[in-house]
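Below is one structure; the comments refer to it alone.
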Protein chains: 2
Amino acid sequence: MVDESWSPPEVLVTVDLVILTLREASLHVLLVERGVEPYLGERALPGGFLNNAGEGIAEAAARELREEADLDGAQLHLEQLGTYGKPARDPRGRVISVAYLAIAPGLPEPVAGTDAAGAGWEPVEDVLAGRLGLAFDHRQIVADGVERARGKLEHTALATAFCGATFTIAELQQVYEAVWGVELDPRNFYRKVQKVPGFIESAGDERKATKGRPARLFRAGATTVLHPPLVRPDPATEEERQ
Amino acid sequence: MVDESWSPPEVLVTVDLVILTLREASLHVLLVERGVEPYLGERALPGGFLNNAGEGIAEAAARELREEADLDGAQLHLEQLGTYGKPARDPRGRVISVAYLAIAPGLPEPVAGTDAAGAGWEPVEDVLAGRLGLAFDHRQIVADGVERARGKLEHTALATAFCGATFTIAELQQVYEAVWGVELDPRNFYRKVQKVPGFIESAGDERKATKGRPARLFRAGATTVLHPPLVRPDPATEEERQ
DNA sequence: ACAATAGTGTCTGTGAGACAATATTAG
DNA sequence: CTAATATTGTCTCACAGACACTATTGT
């Protein structure tokens, strides 16, 4: 370390949340409208400062999840995404942000946050394409979150976190298609998913769709890591098809 | 956020490094002996406080890499691993640590750090098994770093970062075997590695081993992501063999 | 009946792993 | 020559993807 006379600088730490969900078969992220400077009035990720008390970073993330999105961190998938500390990222001074990724099943309607002026789900595509500007470096954080989710869908049962307590295989497929941005063959997907031990388990009864034969219902299984993994189709392979 | 009258708490931020290398065909991590309280005299990861000036977190990691291990961050693989902020992890007060993972090729001998009392490479196995105790929560950080490296070997060209400028395929195989802790078939590995476009490229001449036929030399290719990936053998498949 | 979706069966090419065979060096 | 390692060749089995086909509902 360094000599005792030197005193290290103190910095402010915020926790920001990338909360993803599926709405109308496309990926959405929860954004709030900032009620204070800086970036007043602009869209930003929900988040806030780390509390004084003996609050761990993960606890702070769960607290913000509760305060700003009214979601229960204990029930949801919540994992650390990364830490962002570029010197000039916050005009207030030396602020670094620890970002967390949360996955929520489809929710009824725009969640009204307690803190933020207004909260609402926005299409991830609009954010990534820059059609919707975000405060700070939050666009980059969203991009990292989506990329993380895409990768984890392959090797973990994360996709079930987008669904409700029970779901059909077609619904599960829509999750993969929306997050990966690809189309999958329903028949191959059907067998493939069921072949992974512990991924999903039957929930007994049936459920009717608006049209066609009713589908079986399933719930998430005990397994969190998928053996074998569900690999997403290689875009390079598509080109070969000519 | 919160009302303006409330003032968020300031915390101290350290940057810690998990520097991995290969020595005698097994994975080693760089550790220093702490010269100050707390944990004086115990082993710990190299690291230090974030500087006052406009120093980004990644820059701080590169600086520590230079100061404590005399390695050039621009040449090495250096990526953020995660942020650790349990309230009681540091007796000095509210300190959170941003951990970085660095991969270094086999180096001549114990690197003498400038700051730390003593520095040396220790087998990762000793740390993970608890035979060698570490300060703070550094054992967990090492475990996370090794796990990250294992996964990245599958999908990225990270393995070449363990090697020198040129290397044989057998040496590359030793990297995979040491990090994954498995044995691989040299013949299948040989073809598999060469089939991945851009992973490795020939370096022309030859080089003799102590015994046997001399092996071709290769250098790292331009590709960083492997298509197709090198999947590590599924341990469940081994049991089937009976 | 038809449309629409759920679920099953079958074929085929590719690729991974097992392992035989050949090449090239040192001693 | 033999030992040791590098490199190439070949076989086989499993599996992913394409897609025909059957099942079960609403209208």
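Per chain, numbering begins at 1; letters A, B, ... match sequence-line order.
- Here D:dG17 presents its P atom at 19 Å from OH of A:Y190, a figure rounded to the nearest Å.
- Ion pair A:E33/A:R43 not flagged as a salt bridge, since none of the NZ, NE, NH1 or NH2 atoms sits closer than 4.0 Å to an Asp/Glu carboxylate oxygen.
- In this structure, A:E154 places its CD atom 14 Å from C1' of D:dA16, rounding to the nearest Å.
- A side-chain donor from one of B:E79 and B:H77 sits under 3.5 Å from a side-chain acceptor of the other.
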Tabulated below should be each protein N or O lying under 3.5 Å from an N or O of nucleotides 10-12 of chain D; please produce it.
{"residue": "D:dT10", "atom": "O4", "partner": "B:R191", "partner atom": "NH2", "Å": "3.4"}

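- Between B:H155 and A:H155, the distance separating the two ring centers is shorter than 6.0 angstrom.
- Electrostatic pairing of A:E67 and A:R63 counts as a salt bridge here, judged by a charged N lying under 4.0 Å from a carboxylate O.
- Comparing A:Q194 and B:P228 against DNA chain C, the residue whose closest nucleotide sits nearer the 5' end is A:Q194.
- Scanning residues 171-187 of chain B for heavy-atom distances under 4.0 Å to DNA chain D yields B:R187.
- Judged by closest nucleotide on DNA chain C, A:A215 is the one of B:K195 and A:A215 placed further toward the 5' end.
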With the criterion being N/O to N/O and under 3.5 Å, what pairs connect the protein with nucleotides 25-27 of chain D, and how long is each?
none

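- Scanning both residues, B:Q194 and B:I169, for their nearest heavy atoms gives CG-CD1, 3.9 Å.
- Atom CZ of B:R207 is separated from atom C1' of D:dA4 by 17 Å (rounded to the nearest Å).
- The nearest pair of heavy atoms linking A:R219 to A:A165 is CB-O, 3.5 Å.
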Apply side chain to side chain contact (heavy atoms under 4.5 Å, CB included) to residues B:V29 and B:I19 and explain how you reach the verdict.
CA-CA 6 Å; B:V29 60; B:I19 310 176; 5.7 Å; no
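- Between B:Y176 and B:F189, the distance from one ring center to the other falls under 6.0 angstrom.
- In this entry the distance linking NZ of B:K192 with C1' of C:dG17 reads 8 Å, nearest Å.
- Between B:E171 and B:R207 there is a salt bridge, with a side-chain nitrogen of the basic residue lying less than 4.0 Å from a carboxylate oxygen of the acidic one.
- How far CG of B:L22 is from SG of B:C163: 8.0 Å, rounded to the nearest 0.5 Å.
- Remark: C1' of D:dG17 and CG of A:L230 are 14 Å apart, rounded to the nearest angstrom.
- Using a 3.5 Å distance cut-off with no hydrogens or angles, the side chains of B:Y84 and B:D144 do pair a donor with an acceptor.
- When rounded to the nearest whole Å, the span between CG of A:L217 and P of C:dA6 equals 12 Å.
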